[in-house]
Protein chains: 2
Amino acid sequence: MSDDLARILTARGYRLTAARRVILDTLSESGEHLTADELTEQVRQRSTAIGRMTVYRTLDLLCDLGLMRPVYQGTGAAHYVLMRDGHHHHLICTGCGRVVEFDECALDEAHEKIARRFGFEVEGHLLEFYGVCEVCRSKAAAN
Amino acid sequence: MSDDLARILTARGYRLTAARRVILDTLSESGEHLTADELTEQVRQRSTAIGRMTVYRTLDLLCDLGLMRPVYQGTGAAHYVLMRDGHHHHLICTGCGRVVEFDECALDEAHEKIARRFGFEVEGHLLEFYGVCEVCRSKAAAN
DNA sequence: TCTATAATTGATACAAAGTATCATTTATAA
DNA sequence: TTATAAATGATACTTTGTATCAATTATAGA
């Protein structure tokens with residue numbers, strides 16, 4: 001998984017440094033939706049000497065390359081999600097904040113239409129559904 | 001436009017204060033995608049004495065009510081978008097950062113499917129396409 | 001393999017964004 | 001008109017993100 005990311009980096013002329021390797025590994029192994037500082041913490045459990053700046057910069061780079069994307073999840077900090085194959089989809093419970101990812105999406109024709117209409121070359125997308133999960137709904141009903 | 005928002009606030013038991021009125025007006029009249037501090041600045045051109053905290057709190061409230069949503073747009077600050085009818089769709093140029101909004105979307109069946117599958121009661125969604133706009137593409141081609 | 005070079009790093013310091021608190025003010029219901 | 005709880009805004013603070021720069025390191029080419 002992280003090998004894929006690594007390969008893209010080198011293919012695009014970026015260097016595969018020790019720090020980046022650790023960061024990519026951590027990203028692909030840990031659950032997603034981490035903030036930059038949460039990721040820094042996890043990265044440091046593997047390799048103490050990696051600086052916060054490097055994590056921030058690596059995330060920026062991955063975003064520039066379209067491989068990740070920052071999203072909001074309530075708090076002030078950006079949470080980063082992987083854009084596998086260029087897209088990412090999730091459900092967010094507006095009650096408890098739980099995030100559920102899902103894969104399938106039916107946006108291929110929309111892709112095309114939008115691309116043609118606005119002259120964009122579309123590379124990916126993020127789709128977020130907001131709603132109330134089962135648990136939160138039954139809690140609300142109980143009140 | 002801002003009347004709609006105001007009506008929802010009062011209907012849900014929130015008070016329609018002078019500060020909120022100004023903030024709602026500013027939000028609906030100005031272009032969207034403002035950060036909290038940008039909005040504060042604009043609000044203060046209409047009514048000097050409104051505090052930054054009030055703007056932050058009002059945005060939080062509107063997000064809680066599902067009327068707005070913070071999104072990222074490159075910089076560190078959250079940009080807030082209105083969720084008209086519960087959804088919002090835009091294209092972001094990864095070259096120049098330009099944002100184009102569009103209305104139509106074909107997610108009604110997806111809505112249903114997801115709702116059933118995960119037990120969510122879906123209330124809205126955000127759809128972001130990423131790509132390269134015409135201008136940036138021709139620039140890239142020229143190099 | 002070794003070396004030159006430019007990319008990358010991490011420490012530091014800083015700026016910007018967001019949050020907590022609390023006395024004061026104000027919209028609303030009765 | 002008044003009592004009351006909601007909302008405000010000033011202040012101080014924490015967290016998140018950015019700029020800078022000397023030191024380090026991955027890579028291409030000898």
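A, B, ... follow the sequence lines: proteins, then strands. Residue 1 opens every chain.
Applying the ring pair (Phe, Tyr, Trp, His ring centres under 6.0 Å) test to pairs two or more places apart or on separate chains, none has a residue in residues 40-61 of chain B. Under the ring pair (Phe, Tyr, Trp, His ring centres under 6.0 Å) criterion, the residue pairs touching residues 66-85 of chain B are Tyr72(A)-Tyr72(B), with sequence neighbours excluded.
Between the side chain of Ser138(B) and the backbone N or O of Glu134(B), at least one donor-acceptor pair lies under 3.5 Å. Side chain of Arg137(B) to main chain of Gly119(A): a donor-acceptor pair is present (N/O by atom type, distance under 3.5 Å, no hydrogens or angles). Between the His87(B) side chain and the Leu126(B) main chain, no donor and acceptor come within less than 3.5 Å of each other.
With no hydrogens or angles considered, a side-chain donor-acceptor pair links Tyr130(A) and Arg69(B) at under 3.5 Å.
Think of Met53(B) as one node in a network of Ile, Leu, Val, Met, Phe, Trp and Tyr side chains linked at under 4.5 Å; it has no links at all.
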Report all side-chain donor-acceptor pairs from residues 94-102 of chain B shorter than 3.5 Å, counting only partners two or more places apart or in another chain.
from      : atom 1 : to        : atom 2 : distance (Å)
Thr94(B)  : OG1    : Gly131(B) : O      : 3.2
Glu101(B) : OE2    : His33(B)  : NE2    : 2.7

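Regarding Leu59(A), its CG atom lies at a distance of 15 Å from the P atom of dT8(C), rounded to whole Å. Asp60(A) places its CG atom 16 Å from the P atom of dT16(D), with the value rounded to the nearest Å. Following rounding to the nearest Å, Leu9(A) (CG) and dT27(D) (P) show an atom-to-atom distance of 11 Å. Computed from coordinates, the Tyr56(A) OH to dA13(C) P distance equals 18 Å when rounded to whole Å. Following rounding to the nearest Å, Glu38(A) (CD) and dT15(D) (C1') show an atom-to-atom distance of 12 Å.
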Nucleotides 1-13 of chain D: protein proximity per nucleotide (B base, S sugar-phosphate only, - neither; heavy atom, under 4.0 Å): ----BBSBBBB--

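In the helix from dT1(C)-dA30(D) to dA30(C)-dT1(D), the rotation axis of the first five pairs and that of the last five pairs differ in direction by 50°, rounded to 10 degrees.
Contact annotation for Tyr72(A): backbone-only contact, meaning every heavy-atom pair under 4.0 Å involves sugar-phosphate atoms and none involves a base.
Between Leu16(B) and Ala78(B), the residue anchored closer to the 5' end of DNA chain C is Ala78(B), taking for each the nucleotide with the nearest heavy atom.
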